Structures are given as structure tokens and as C-alpha cells.
Amino acid sequence: MESSAQPLANNTGLSKTYEFSEVEKRWLARWLDEKAFAATMEPGKASFSVVIPPPNVTGVLHIGHALNNTLQDILVRYHRMRGDNTLWVPGTDHAGIATQNVVERQLASEGKNRHDLGRDAFIERVWQWRSEKGGAIVKQLKRLGASCDWDRERFTMDDGLSRAVREVFVRLYHEGLIYKGSYIINWCPRCHTALADDEVDHEESDGTLYHLRYPVTNDAGEAGDVVVATTRPETMLGDTAVAVHPEDERYRHLHGAMIELPLTGRTIPIICDSYVEREFGTGALKVTPAHDRNDYEMALRHQLPQLKILDDSGVMNENAGAYAGQDRFACRKQIVADLKAQGFLVKEEAYRHAVGGCYRCHTVIEPNVSEQWFVSVRPLADKAVAAVQSSRINIYPDTWYKTFYNWMDNIRDWCISRQIWWGHRIPAWTCAACSKVIVAVDDPDVCPFCGSSSLTQEEDVLDTWFSSALWPFSTLGWPQQTKELATFYPTSVLITSFDILFFWVARMMMMGLHFLDEVPFKDVYLHALVRDKFGKKMSKSTGNVIDPLDMIAQYGTDALRFTLTAFAAQGREIRLDEERVDGYRRFINKLWNAARFAEMHLSQDASIRPLVDDVHPKGLAHRWILSRVNATIREVRAALDHYNFNEAASSCYQFVWHYFCDWYLEWIKPDLFSKDAAVVAEARATLLGVFEQTLALLHPIIPFVTEEIWSHLPGERGLLMLAPFPEARPERDDAQAEEEMGLLMEVISGLRTIRTEAELHPGAQIKASIFCANTDKRTILQRHRSDIMALVRASELDIAEAGGVPNDAGHALVQDVELVVPLKGLIDVAAELEKLNKEQARLELELNRINTKLANEQFVAKAPPAVVAKEREKALELATRLEKILESINRMQALR
RNA sequence: GGGCGAAUAGCUCAGCUGGGAGAGCAUCGGCCUUACAAGCCGAGGGUCACAGGUUCGAUCCCUGUUUCGCCCACCA
């Protein structure tokens, strides 16, 4: 057929501007309709699987989710395109306390509480809430483009997972790794439940350190005083001893003495314990075993009684005597006042210290002694540590290893019971007849020990993290031996935020290794927290929250995804700046416009064939861009294989904008418009081939725009998301083309610089000379003479071995090549000079005016300093501009 | 108290086992050149925190200092 020298009709399929909102909606629907995200389990293929860190069912998508799920989606799409059996399991977490709080608030607004409903009705109510509102985050994840296998969505409370929870609990119990015991735990007086150590947030706060005088009664008759220091004076009502360090000389005479505890009339002993820090406070420590962990442990060592003075709501109980019924903080004030009145308060000093709060509701937690269920984690932790040490699990970035080991070495038993209703109720029953405890997977009807049918199930539920710990295998069907489990366990990588390394990641390792004897995931990638651009944590109260849904609405999902990817450098906190999102939106737009250009040249050419493997274009630019594509493919693959997401993004960006658009497309324009059909065909084929590869390469990061463009490229094609991921083809590496293009690009840039510096009109045609003594380089330059001329707008270009540089010429040297552009005669010097002179006059006038103003003492003294400063700035600016104008004038005059 | 990390252009950051100091944004100058002014072509801008050391050579490795940030921890 005839080659077309005309641009093809403007009636292209791609709209002039990229309407991301419409495109995203359309493709998401299509992907879901076609079940393109569904896992495959074809024999003989490699497997790639990921389980989503299940967001709380109460959650809404925040920027952290957006980051987390973008990174997962990139890997999942990448591996799916590589042809692996790929599964991404989605789901949500029942989030015990958080969800119960939400529903309780709802009830409160109706003037009710959960006890009004009773346990069963309340749980029913939570399920109802979940079916109405619990799916919000799932929709948002879809909108983000998350290519999860949505038909496999799981919920930590659904039947299968609940079954797994029971199975695990029962097995651990019978192995002696779960036990019930009385111990001091963190108690939230608002949520009315125990909290694990890591569910307590310690925050610095300003408090007061009270020094209290306790009178000593000594049998020998030498009465004296001991002064103790405390931040929580109300707990003195529960003191059962005062401790001093055994080697503290100051208190040696008091060993074995007794103290008359003020306000209570109780008498308590002085004990010696080396836990006491002699340097702190007075060196004497009041001991309140029921309400302080260290005191509790000390009390065990000394067989001291535990006296509880607070109830579960943080209200003083009957043991508080006259203070019973007071709230703990009100009581604190009262006690201080009373002690002061009776002369027992020695001093108060301001004191900054860390106070523990409930991680859900931020209520100050109260250490409390109670009956709880625990997991003995030591044996489980040892397996996890061994797996990491032997590299069966790798952690990225590797800075986390040390933290991980350190934490695992100091791990304590895990308190797994929670005194709430929403969650997996502990599968333990007590027989009223024989008092034995039955722990079983299935609800027992009768006591297996005595046959009695009066069994009472444990009231407590399990810590939310208990079920999350099973997530990698419970979601795959365990305890059944499913095909999914066989295909996808262990999962390939876990991507999560570092702040749940211990809550969750470590516990998954323990459970996976214990029950399946295999790691739950081979790699762990811990990403940073997303902060604002000043490095501050985002929080509603600070008002610096960047809402991903806003970003999506404003800039598009792809722009947000690309931004997050570009920021995801390992081991670095992410300071998200909205301007960057806008910047990457422009990148998407650039890609869109390149697509429009490509489409213009490709769409109506029925004979167009994409580049096939055994065809090798001859044109330098084609060879060069194919070589660049190869390099980029390698970079992106290597980056993704090593979780260097930012590098993948930056390679793509560099390739698309600078190699492909700035150089390649500009370079091949003459080819595309050529009269020579072979030249046109080669250009079109290469353009199509390269563009296809580019889209495929970018797809994992920006799925929507790439899929849309892909669908408009000529030829029958399926979904891009299921197309093969590009592979580097060594036969297309072309060092020679890279070198030649490198030289030409430098020469062209050099000539452009001369043009710009000479202040030539960009449209003006120049006559340039190039002198190059190097024969090889000169040959290259001569071969591409017309390319150079096109790209620097030269009407004439001499390429010679050597020559002289005239005085009135722009001159530059790149790669041993002298670039010369004679300036004379290229522009209308007279007209230019007139323009410049006018500008000079204008600037001088203005400058004069400001200088006069600044010379005026009155002005400088009385005007607001900011105004004066601004005037000075302006003067400086004008002066520099004037200087430049004068330079130009000089140059012009030299040309005359 | 223990541990970890960071310090590179005005801003946000790359710089992946030692040899060229880089990107995006912002700034300045010039352009609506037939994909893109959401663009193009150019330009300016850095004692790579500081001080030592190793090396032919240090942003990079070592030591110390300073300043930030984070995590863990029972000093009441």
C-alpha cells in the first residue's frame, strides 16, 4: 500500500484529555465482570500468593492502606503477567474492641447499652452493622485497583476461619501452650477488657510527683518517717509494703520496721528488694501489688497480700474505705488534699512521665490482677527466630532484623482473653457438677468426665490478633488440606507496615510454623508510615490528613499509585507532598498524549504489525530505543524482585518521558512522515512494539490508564493485565546504537544551548558547523546530518575535520566535537537592538524610581520592614535583568 | 535506659559492594515548533551536617561530635 505522508484522521479513539474518572470506573467494572483477578491453579507453574493485611471491618481507606495495597497490587499484577499462578486473598478483620465500640456508640445514641440487649442480641446487632456498613473499605480497595480475587474474600469471624481458630486453640491447649492464670494485666476501664502489652500506647504526659510521708512505728521506740514518691497517690490505699534497697545505708535501721499507713489505719511492713532504685526519688518505694506490675512481682517474692482498691471501671471499691465510689482521678485529688491537711504531703513536683493508654480509646489503662488466658509463646517464638535466622523468612529492609530478634528475645506470654462480646468466644466450658474444664472444637452437650449437662462456656473472647495470626493458612482453608493450601502456602511475601511487626507478623510466623511446620511467607516487606510533608504523623486533630479518596478524585487513582510507589524507598519514612501527586498526574497525561500521537500514526494503518522478535529495525533511533527498553525492563524487573518500588517507578518515568517522548518520538517524526514506505513501516512497527512494552511495563503501577491505551492500540488484543510482562531480549541490546545516540544527543543539546544563549527565535533556522577530528565520530555525525538538522532547526550543517571559529559565533565543545553557530545574519539585529534598548530604558526608569524611594530615609524608617525588604528585592532583580539586557545589547552590537 | 535510622540543590528525595554529584518540584530566560502550554527548549543553584582517619582517590568505609526522627523498656 501507499505510505501515508499525511497525519491520519483526527478522529481517533482516544479523547483529547484523559478522563481518568470515567476510565477507571469502566475498567474496574470490566476486570471484575471478567473475573480477571481470579486465581489460577495450573499445574507446572510457579505460584505467587499474597494475603492482604486485613483492614478492620470498621475502617475507611486511609493513606497507609493506599500505600500498602498499591505495593501489593504491583507485585500481584507483575507476577500475574509473568504467568505465575497468582492469588491475592482479600478480607477484613472483625477488630474486636474497635467494632464493639462502634456498635456500642450506635446503641448509646439510642439511649441503650449492650447489657440492655444481652449478649446474643448484641452480637446479632454487630453482624447487622457489618452487613450494612462493614463493606466500605472493600469498595475502596477495589477503587484503588487492588486485583484481589474478590470471590475469595474472607472475614476473620466467618465460619471457616472460626473453625481454624477453635482448632488452634484446642490444640495449643492440649499441648499445654495455652493456660489460664491469675496475673497482673493491662486493664482498660472504659472497654472493660484486658489488653496485651503491645496494645498499650505509652505517651509522655505532664504529671506530678508527690512525696508522701509515712510514719514509722519501730518496736525499739525510735519512731521516724519514710518519704515515698508516687505519681498516683490514690494507690496508697492499696499499699501493702514500702520497699527499700537492701544495701541502702539510709534505711538500714528500718529493716523489719512497720509503717502506719496514713488515712487507713493499716500497718504495713518495710521490705528490702534490690528492684528499688536508690537514686530515684527518696529511694523508698510504696508497694501496691494489685495495681502495678513491678509491685505485683515484688509482692510475689515477699508473699505480700494484694489489695484491690479499684473496680473494673476505675472506681474506688470497698477496700478504699471512705473513698469508695469515687472515680480514680477524683479520688487522687481528694487523697492529696487529705494528706496535705494531715501533714503527710511533703512536696509536689512537676514530673513528666509516660502514661499507658488503651490503643483503641486512649483511656489511661489500669494495671489489674485478674484471671486471664495466656499463650506460652517461648517455644513458638523460638521456631520463628530459627526460621528467620536460617533465611527461610527474609525481612526487607534488613534493618528490621535486629529489632525483630530483640523483641523475640524479650517476649512475654501473650494474654489472649478479652472481656468483650464481639469476637471468637473461648471454646472452654466448666462443668457445674465436677468443676472440670472442657476445651473442645465442637460445643459439648455433656461433660465428658461426669456426664453432666450443666456446662457453662467461658465468657471471654479471644484477642483479635489471635485469629489474624492464622490468616495466611486459615484463609486457604486450613485445617482442611485444600488445593489452595497446597498451591499457595507458604505465601510469597507479606507486605505490611512496620508498626504491626509484633502484633501480627511475628505471631503469624509462630502459628504457621507450629501448625503447618512451614513459614507463612517467604519474605516480609515492611514499609514506612506515611507522614505529611513535614514528617509529622497524619492525624485528624493536627488536620494534616491526606485522604487517598480525595487524591483519587482530584488526580486519579493512577497518579496516586505512582506517587506512593515513587515514595516507597526502603527504610525511609514517607513524607507525602500533594504537589508530587499532581506532578505524577502530569506524567499520566504525558503518557496519554504519547498514546494519542502513536494512535494517530498507527490506528488506520491496516497493514500495521507489531514488531516481532526476529525483525531488527535498522534505523539508529529504533535500535537505540529498543536497547533502552531492554535496559528499562531489566531495571524494573530487578527493582520489583527486590522490593525497590521507587526505583521501578523512577526507571519507568525516565524511560517514558525522557527517552521515549523527548528523544525517540521527536526523532522518528520525519520517518513517520517519510515518502519511503519501508521507512514508515519500520517506524510504525517499532513504535507499536515499543509502546506495547512500555504499557506492559507500567501496568502494575498504573493499571487503569495503561489498560485503556492498550485497548486502543491496533490489532486484536485481550486484557493488558493478562498480557505477558516484558522480557529483555539480549539480541536487542545495542551498545553501538547507545553510543552513537549518546554522541548525537550531546551534539544536539549543545547546539540548542548555543541557540538559546544567542537568544534566537526558536523558529529561526540556523547555519551550523561541526568540527570533529575523530574520524569515527565524524562519520556518525555525517550519517545523521539530517536528524541533527531537524532537531536543532538548521538549514545548513557543515561537518568537517577542522576549521576556525569566527568571533561572532556561538561555540561549544562536547565529546571532542566543536560546535559552531555563526550568528551573523540570522536575526534582524536592528530590530532586536531597538527592542532591547526599549527594555533597557524601561528597566532603568523603574530601577531609578525604586532607588530613589530606598534613598529616602523617611521611607526606610517608617514603612513596614516587609515592604522595604520587598522593594530592595525588586531593585536587585531589576538590576540583574538590566545587566542581562546590557549583555545582550553588547552581543548584538558586536554582530552589526 | 537500650536499639535503630536520618542529615546531599530553595522543597521532597534518589545515589543499590569507593572513581561522573543527580531527579522531580520550585526559580530564571525563551517558545502556542503539526501528541502534549497539564507542553517544549535552555539556564542558574550543592564545602554531600561537622572533625579526624583509612585509601592513589571518600557523599559512600572507620572513629568521634552535633542536630533531628522512630522503636522498645517496669524507674515509682
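These numbers were taken from a predicted model, which means no experiment stands behind them. Labels below follow one simple rule: chain letters A, B, ... track the order of the sequence lines, proteins then strands, and each chain is numbered from 1.
Counting only heavy atoms from C-beta on, A/Arg412 has its side chain closest to B/rC74 among B/rC74, B/rG3, B/rA35. Out of B/rG42, B/rG39, B/rU33, the shortest distance to the side chain of A/Ser749 is found at B/rG42. Distance from the side chain of A/Lys402 is smallest for B/rC4 among the nucleotides B/rC4, B/rA26, B/rA14. Distances were taken from every side-chain heavy atom of A/Tyr653 (C-beta onward) to each of B/rG24, B/rC41, B/rA76; the shortest belongs to B/rG24. Closest approach to the A/Leu285 side chain among B/rA76, B/rG42, B/rC71 is made by B/rA76 (side chain taken as heavy atoms from C-beta onward). Comparing B/rA14, B/rG42, B/rG24 against the side chain of A/His658 picks out B/rG24 as the nearest. Residue A/Arg596 has its side chain nearest to B/rA35 when only B/rA35, B/rA26, B/rC41 are considered. In the set B/rA35, B/rU12, B/rC25, the nucleotide with an atom closest to the side chain of A/Arg586 is B/rC25. Looking at the side chain of A/Met600, the nearest of the listed nucleotides B/rA76, B/rU12, B/rA35 is B/rA35. Closest approach to the A/Thr403 side chain among B/rC71, B/rC40, B/rA76 is made by B/rC71 (side chain taken as heavy atoms from C-beta onward).
Among A/Phe567, A/Tyr653, A/Phe20, the one residue that satisfies the ring-ring contact (aromatic ring centres under 6.0 Å, His included) test with A/Tyr584 is A/Tyr653. When the options A/Tyr401, A/Tyr643, A/Phe498 are evaluated for a ring-ring contact (aromatic ring centres under 6.0 Å, His included) with A/Tyr396, the one that passes is A/Tyr643.
Using a 4.0 Å heavy-atom cutoff across all strands shown, A/Lys669 reaches at least one base atom of the nucleic acid. Using a 4.0 Å heavy-atom cutoff across all strands shown, A/Glu647 reaches at least one base atom of the nucleic acid. Among the atoms of the strands shown, base atoms are found under 4.0 Å from some heavy atom of A/Tyr275. Residue contacts for A/Thr288: at a heavy-atom cut-off of 4.0 Å it reaches no nucleic acid atom on any strand shown. No engagement by A/Asp292 is indicated, since no non-hydrogen atom pair under 4.0 Å with the nucleic acid exists.
Using cut-offs of 30° and 60° for the angle between ring planes, the A/Tyr18 and A/Trp592 rings count as tilted. Taking the six-membered ring where tryptophan is involved, the planes of A/Phe562 and A/Phe587 are tilted, since the angle between them lies from 30° to 60°.
Within the shown strands, nothing qualifies as a pairing partner of B/rA38 under the Watson-Crick or G-U definition with both distances less than 3.5 Å. The partner of B/rC50, taking Watson-Crick or G-U wobble pairs whose two distances both stay under 3.5 Å, is B/rG64. B/rC16: no Watson-Crick or G-U partner with both key distances under 3.5 Å is found in any strand. Taking a pair to require two hydrogen-bonding distances under 3.5 Å in either a Watson-Crick or a G-U wobble arrangement, B/rG1 pairs with B/rC72.
For B/rA38, the OP1/OP2 oxygens have no side-chain nitrogen or oxygen of A/Arg585 closer than 4.0 Å. For the pair A/Ser650 and B/rG24, the criterion of a side-chain N or O lying under 4.0 Å from OP1 or OP2 is not met.
Rounded to an integer number of Å, the gap from CG of A/Asp662 to C1' of B/rC41 is 10 Å.
Mapped onto RNA chain B by nearest heavy atom, A/Thr230 and A/Phe498 fall at different nucleotides, with A/Phe498 at the one closer to the 5' end. Where A/Ala229 and A/Ile748 each meet RNA chain B at their nearest nucleotide, the meeting point lying more 5' is that of A/Ile748.
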